[in-house]
Amino acid sequence: MSIAVALAKAEDAGLDLVELSPNADPPVCKILDYGKYKYEQQKKASAARKNQKTQDVKEIKMRPGIDTHDYDVKMKKVHEFIGDGDKVKLTIRFRGREMAHQELGMKVLNRVAEELEETAKIEARPKLEGRQMIMVVAPK
C-alpha cells in the first residue's frame, strides 16, 4: 500500500508506522508502538550480550625449581582455566643465579606443554623476555 494510506491507518490505530527493513524491495513497514519496539530490541541485545563468552587471559607464575606438589596445584588451575575457555599465560620467573640455568625453566614449560597436548594448543612458544620465560596456551 502507499505510504499515505499506511500512515493514515497507523494514526487511526493510535500507533506508529515503523520501517523494519528499508533495503527490501519494496521496503517492509509495520504498524506498532515504536517505544515498545525499541524496548524489545534493547532487551534482545542485552540478552545476547549476557550470553556471550569473552575469553580472558589468566596468568600462572612458576619458578624453575618448582616442586612436584606445587607444580600439580598450578596445573590443576591451568586445566580449570582452559576448561572454562580462557587462555593461560605461563610465566617462569628467574631470580639471581637462576638466569644461568634457563634450561630448567624450558624443561618446566615443555612438561606443561606435554601435559596439555590433548586439551590445549600452544599459541606462543616459550621465549625469554628479560628475567621471565613466557608461554601462552589456548583451549582447542
Side-chain angles (χ1 to χ4, degrees):
M1 67 177 68
S2 71
I3 295 172
V5 174
L7 280 171
K9 280 191 176 185
E11 199 156 316
D12 289 343
L15 298 170
D16 304 307
L17 182 67
V18 179
E19 189 175 32
L20 296 178
S21 56
N23 299 334
D25 191 33
V28 178
C29 296
K30 213 175 193 181
I31 296 173
L32 46 85
D33 183 9
Y34 184 68
K36 187 176 177 182
Y37 173 74
K38 286 292 283 182
Y39 175 75
E40 286 171 359
Q41 293 296 94
Q42 194 177 2
K43 280 291 201 191
K44 278 184 195 173
S46 172
R49 261 194 314 277
K50 190 165 67 173
N51 294 334
Q52 190 176 45
K53 173 69 175 127
T54 57
Q55 193 175 50
D56 296 330
V57 178
K58 306 284 187 174
E59 185 173 15
I60 299 287
K61 293 182 180 180
M62 298 185 199
R63 297 280 310 280
I66 190 166
D67 202 28
T68 54
H69 179 68
D70 296 333
Y71 174 82
D72 293 338
V73 170
K74 299 273 187 183
M75 285 310 294
K76 194 185 232 181
K77 272 313 228 187
V78 170
H79 284 293
E80 191 179 304
F81 291 148
I82 287 177
D84 291 343
D86 295 324
K87 291 182 182 181
V88 180
K89 177 181 175 183
L90 294 143
T91 306
I92 304 276
R93 182 174 285 146
F94 296 99
R95 291 164 67 186
R97 293 184 189 146
E98 290 174 348
M99 280 303 287
H101 301 286
Q102 294 171 11
E103 70 277 357
L104 293 176
M106 189 60 91
K107 220 183 264 185
V108 171
L109 288 180
N110 287 337
R111 184 172 158 200
V112 169
E114 223 173 82
E115 201 171 309
L116 295 174
E117 217 170 350
E118 298 90 41
T119 56
K121 64 176 184 276
I122 298 172
E123 205 166 79
R125 292 245 157 242
K127 67 175 179 246
L128 195 67
E129 291 180 3
R131 290 192 160 274
Q132 294 183 345
M133 192 173 282
I134 297 170
M135 178 171 82
V136 180
V137 293
K140 277 191 178 175

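Throughout, numbering of the chain's residues begins at 1 and tracks the sequence.
Within the model, atoms CD of E103 and CE of M133 stand 9.0 Å from one another, a figure rounded to the nearest 0.5 Å. Note that CD1 of I60 and CD1 of I92 are 11.0 Å apart. Values are rounded to the nearest 0.5 Å. Considering CD of E59 and CG of L90, their distance stands at 9.0 Å, rounded to 0.5 Å. Atom NZ of residue K61 and atom CZ of residue R93 lie 4.5 Å apart, to the nearest 0.5 angstrom.
Note: the hydrophobic cluster containing I3 does not contain L32 (ILVMFWY, side chain heavy atoms under 4.5 Å, direct or indirect links). Residue M75 is grouped with residue V137 when hydrophobic side chains (ILVMFWY) are merged at heavy-atom distances under 4.5 angstrom, including chains of intermediate members. Cluster annotation: I31 is not connected to V28 through the hydrophobic network of ILVMFWY side chains, with a link wherever side-chain heavy atoms come within less than 4.5 Å. A single hydrophobic cluster is seen to contain both V78 and Y71, as judged by linkage of ILVMFWY side chains at heavy-atom distances under 4.5 Å, directly or through other members. Note: the hydrophobic cluster containing L109 also contains I122 (ILVMFWY, side chain heavy atoms under 4.5 Å, direct or indirect links).
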Does the pair E98 and L104 meet the rule for a side chain to side chain contact (heavy atoms under 4.5 Å, CB included), with working shown?
CA-CA 9 Å; E98 290 174 348; L104 293 176; over 6 Å; no

- Message: Test side chain to side chain contact (heavy atoms under 4.5 Å, CB included) on Q42 and K38; report intermediate values, then the result.
- Response: CA-CA 6 Å; Q42 194 177 2; K38 286 292 283 182; over 6 Å; no

**OP:** Begin from the C-alpha positions of L116 and H79 and carry the test side chain to side chain contact (heavy atoms under 4.5 Å, CB included) through to its verdict.
**Re:** CA-CA 8 Å; L116 295 174; H79 284 293; 3.5 Å; yes

task = Might you work through the side chain to side chain contact (heavy atoms under 4.5 Å, CB included) test for R95 and R131, ending with a clear yes or no?
result = CA-CA 7 Å; R95 291 164 67 186; R131 290 192 160 274; 5.6 Å; no

Exercise for review: Check the pair E80, K77 against salt bridge (Lys or Arg N to Asp or Glu O under 4.0 Å), reporting the backbone distance first and the verdict last.
Suggested key: CA-CA 5 Å; E80 191 179 304; K77 272 313 228 187; 3.2 Å; yes

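Salt bridge E114/R111: absent, no basic N to carboxylate O contact under 4.0 Å.
Taking a 6.0 Å sphere around CZ of R63, one finds it holds more than 12 heavy atoms contributed by other residues, nucleotides or ligands. By the 6.0 Å contact criterion, NZ on K44 is open, its count of non-hydrogen atoms from other residues, nucleotides or ligands being 12 or less. Other residues, nucleotides and ligands contribute at most 12 non-hydrogen atoms within 6.0 Å of the CD atom of E11.
For the residue pair P126 and M135, the shortest heavy atom distance occurs at CG-SD, 3.7 Å. Closest approach of L17 to C29, counting heavy atoms only: CD1-CB, 3.9 Å. What you find for F94 and G105 is that their closest heavy atoms are CZ-CA, 3.9 Å.
Considering only heavy atoms from C-beta on, K58 stays 4.5 Å or farther from D84 through its side chain. Within the 4.5 Å cutoff, no side-chain heavy atoms of Y39 are placed close to those of D33.
A donor-acceptor pair under 3.5 Å is formed between the side chain of D16 and the backbone N or O of Y34. Panel note: side chain D86, backbone D56; a donor-acceptor pair is recorded below 3.5 Å. In this structure, Q132 contributes its side chain and E129 its backbone to no donor-acceptor pair below 3.5 Å. For the pair K87 (side chain) and F81 (backbone), a donor-acceptor distance under 3.5 Å is absent. Using modelled atom types, no side-chain atom of K127 and backbone atom of I134 make a donor-acceptor pair closer than 3.5 Å.
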